[in-house]
Trainee: 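One structure is given below, represented as structure tokens, and several questions about it will come after.
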Amino acid sequence: MLKKENDTYQDSRTYAKDRDLNDPLGHFREKFIIPKDPNGDPLIYLCGNSLGLQPKKAREYIEEELTNWGERAVEGHFEAKVPWTEYHEILAKPMADILGAKPSEVVIMNTLTTNLHLMMVSFYQPTQKRHKILIESDAFPSDNYAVKSQIEQRGFDPEESLIFWKPRENEELCRLEDLEQIIEEQGDEIALLMIGNSNYYTGQRYPIKEITEMGHKAGCMVGFDLAHGAGNIVADLHDNGPDFAVWCTYKYLNSGPGSLGGCFVHERHANNRDLPRFTGWWGHKMDSRFNMRVDFDPIPGADGWQLSNPPILSMAPIRASLEIFAEAGFKNIRKKAIALTGYLEFLIENIGDERIHILTPRDPEQRGSQLSIQVKDADRSLFDGFMNAGIICDWREPDVIRVAPAPLYNSFEDVYEMSVRLRELLKGF
Ligand SMILES: *Cc1c(COP(=O)(O)O)cnc(C)c1O
């Protein structure tokens with residue numbers, strides 16, 4: 001099926017425009033604010049993997065809460081159209097649908113790295129024998145720091161307790177069989193597998209089901225950082241069965257800079273009182289939450305990990321964004337993403353420049369929207385050239401440009417236009 005589509009791609013503006021005309025999700029672009037260049041022309045924004053664009057409704061929903069705060073003040077907790085005490089609950093269902101989870105397994109709270117720490121408080125329980133954490137070698141810096149500090153905090157040494165799943169020499173991607181081998185050799189010493197998915201640098205998506213099964217078979221806990229996965233890849237968290245996952249909402253989920261993160265705790269742990277956790281009043285059952293003198297009695301499920309009453313003004317844009325996801329349907333979004341990224345790949349290859357090498361796997365099953373493009377002998381000036389040409393993407397040292405067409409607001413013509421400008425830029429390089 002996918003192969004066939006690749007065969008029909010054409011390197012022409014007419015083709016790109018035609019695809020846009022026939023795109024059932026095309027009209028969703030209207031729901032976002034597209035940044036413009038100084039001439040007032042829309043930029044080619046391919047940076048949704050870093051900061052998703054603003055849904056137009058975000059402003060309305062923030063203003064709604066400013067009005068509630070102004071007019072109702074403390075009564076807003078119960079009497080706002082969406083009462084503040086329930087605000088996180090209305091986000092759970094659309095969020096869960098995107099990730100293939102049950103609403104009770106999902107909560108929006110805190111920020112990503114904070115959630116990662118909270119999850120490790122519960123799911124990293126080192127013993128003298130089983131004290132290691134396994135991460136992928138090119139993990140995002142924050143995950144690296146978080147994991148190391150958790151290991152140290154429990155009195156272990158990262159030199160011994162932190163192990164890496166690495167690409168082989170002269171390869172960029174991690175192989176599943178190498179992970180299998182590590183688990184075979186050291187599985188009884190590994191307390192936790194913590195994998196960033198998809199990888200922020202290469203765009204490689206790791207198979208959640210297989211990794212979870214491997215880890216569980218060896219008695220390890222398994223967690224995923226879906227910073228680059230949420231709203232991008234099919235995660236099917238409930239069925240695939242990892243113990244936990246964390247993510248942020250400001251990348252593919254378009255919810256605003258530094259917006260709140262999310263947490264998934266698998267249903268099997270919903271009432272697991274053996275897990276240690278850091279606690280706060282918002283994780284306590286609603287009916288006795290305001291009765292200040294009772295012992296901590298957690299809400300079953302992910303909600304029980306909440307600490308504080310949440311920042312409503314930051315949740316308002318999440319509401320705006322998740323409404324769009326719900327309306328479009330994540331299956332449809334993913335379908336368009338496959339076509340759009342496939343088209344981008346086709347066009348870049350069609351440039352036929354030998355200096356270009358795409359790091360990201362070819363197989364759509366093994367990637368999300370992002371392509372990581374390595375340009376031999378390039379330096380940052382190529383990236384500056386991109387920005388000057390009105391293509392917003394991002395640069396990773398030493399020589400990688402990451403581009404991610406976002407299916408909700410990028411068009412086939414965006415992708416086509418990017419390839420035209422890239423072709424021009426490469427001429428002067
Ligand atoms: C974006 C990203 C983060 C950022 O963490 P914050 O706590 O939201 O600042 C962490 N980990 C990964 C893998 C990321 O891609």
Side-chain angles (χ1 to χ4, degrees), residues 46-53 91 95 98-99 106-121 123-124 133-150 162 164-167 173-174 192-206 208 211 222-233 235 237 242 244-264 278 305-308 310-311 314-315 317-318 321 359-360 367-372 392-397 400-404 406:
L46 299 175
C47 212
N49 57 321
S50 187
L51 183 72
L53 292 183
L91 304 181
M95 192 66 255
I98 293 169
L99 291 166
V106 161
V107 63
I108 300 286
M109 61 179 190
N110 312 313
T111 48
L112 194 163
T113 307
T114 309
N115 287 337
L116 184 53
H117 276 298
L118 291 179
M119 289 293 100
M120 284 194 281
V121 164
F123 294 103
Y124 175 51
I133 300 181
L134 181 145
I135 61 176
E136 84 272 25
S137 67
D138 218 342
F140 194 86
S142 195
D143 301 41
N144 232 318
Y145 305 144
V147 162
K148 276 191 182 145
S149 67
Q150 285 282 338
L162 183 56
F164 298 97
W165 176 26
K166 295 190 182 93
L173 303 176
C174 290
L192 172 66
L193 304 188
M194 228 307 293
I195 308 290
N197 203 7
S198 50
N199 181 274
Y200 79 101
Y201 183 66
T202 61
Q204 181 178 15
R205 174 196 184 276
Y206 305 113
I208 296 178
I211 291 174
V222 182
F224 287 92
D225 179 342
L226 298 177
H228 282 264
N232 181 32
I233 63 171
L237 289 176
F244 72 89
V246 293
W247 59 94
C248 57
T249 59
Y250 50 80
K251 293 174 178 166
Y252 292 96
L253 292 174
N254 310 321
S255 298
S259 189
L260 297 175
C263 241
F264 163 88
F278 284 171
W305 269 265
Q306 294 175 105
L307 299 178
S308 302
S314 295
M315 282 188 159
I318 304 179
S321 173
L359 296 183
T360 311
R367 69 184 185 200
S369 290
Q370 174 183 329
L371 292 184
S372 302
I392 310 302
C393 54
D394 81 354
W395 172 257
R396 289 283 153 172
E397 294 292 344
V400 169
I401 284 170
R402 300 185 306 172
V403 285

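Indexing begins at 1, ligand by ligand and atom by atom, following the structure's order.
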Trainee: Any donor and acceptor pair, going by atom type alone, linking the side chain of Ser50 with main-chain N or O of Cys47 inside 3.5 Å?
Mentor: no
Trainee: Output side-chain donor-acceptor pairs under 3.5 Å for residues 136-143, partner residues at least two apart or in another chain, one line each.
Mentor:
residue	atom	partner	partner atom	Å
Glu136	OE1	Gly196	N	3.1
Glu136	OE2	Gly196	N	3.3
Ser142	OG	Thr113	OG1	2.8

Trainee: Which protein N or O atoms sit under 3.5 Å from any N or O of ligand 1? Give atom names and distances.
Mentor:
residue	atom	partner	partner atom	Å
ligand 1	5 (O)	Thr113	OG1	3.4
ligand 1	7 (O)	Thr113	N	2.9
ligand 1	7 (O)	Thr113	OG1	2.6
ligand 1	8 (O)	Tyr250	OH	2.6
ligand 1	11 (N)	Asp143	OD1	2.6
ligand 1	11 (N)	Asp225	OD2	3.2
ligand 1	15 (O)	His228	NE2	3.2
ligand 1	15 (O)	Lys251	NZ	2.5

Trainee: Judged by atom type as modelled, is there a donor-acceptor pair below 3.5 Å linking the side chain of Ser369 to the main-chain atoms of Ala404?
Mentor: no
Trainee: Measure from the side-chain N and O atoms of Gln370 to the backbone N and O of Arg402, and report whether any donor-acceptor pair falls under 3.5 Å.
Mentor: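 It does not hold such a pair.
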Trainee: Mind checking what makes ring pair (Phe, Tyr, Trp, His ring centres under 6.0 Å) contact with Phe224, not counting sequence neighbours?
Mentor: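 Scan of Phe224 (ring pair (Phe, Tyr, Trp, His ring centres under 6.0 Å), adjacent residues dropped) gives none.
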Trainee: Of all residues at least two apart in sequence or in a different chain, which pass the ring pair (Phe, Tyr, Trp, His ring centres under 6.0 Å) check with Tyr206?
Mentor: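 Here the qualifying residues are Trp165.
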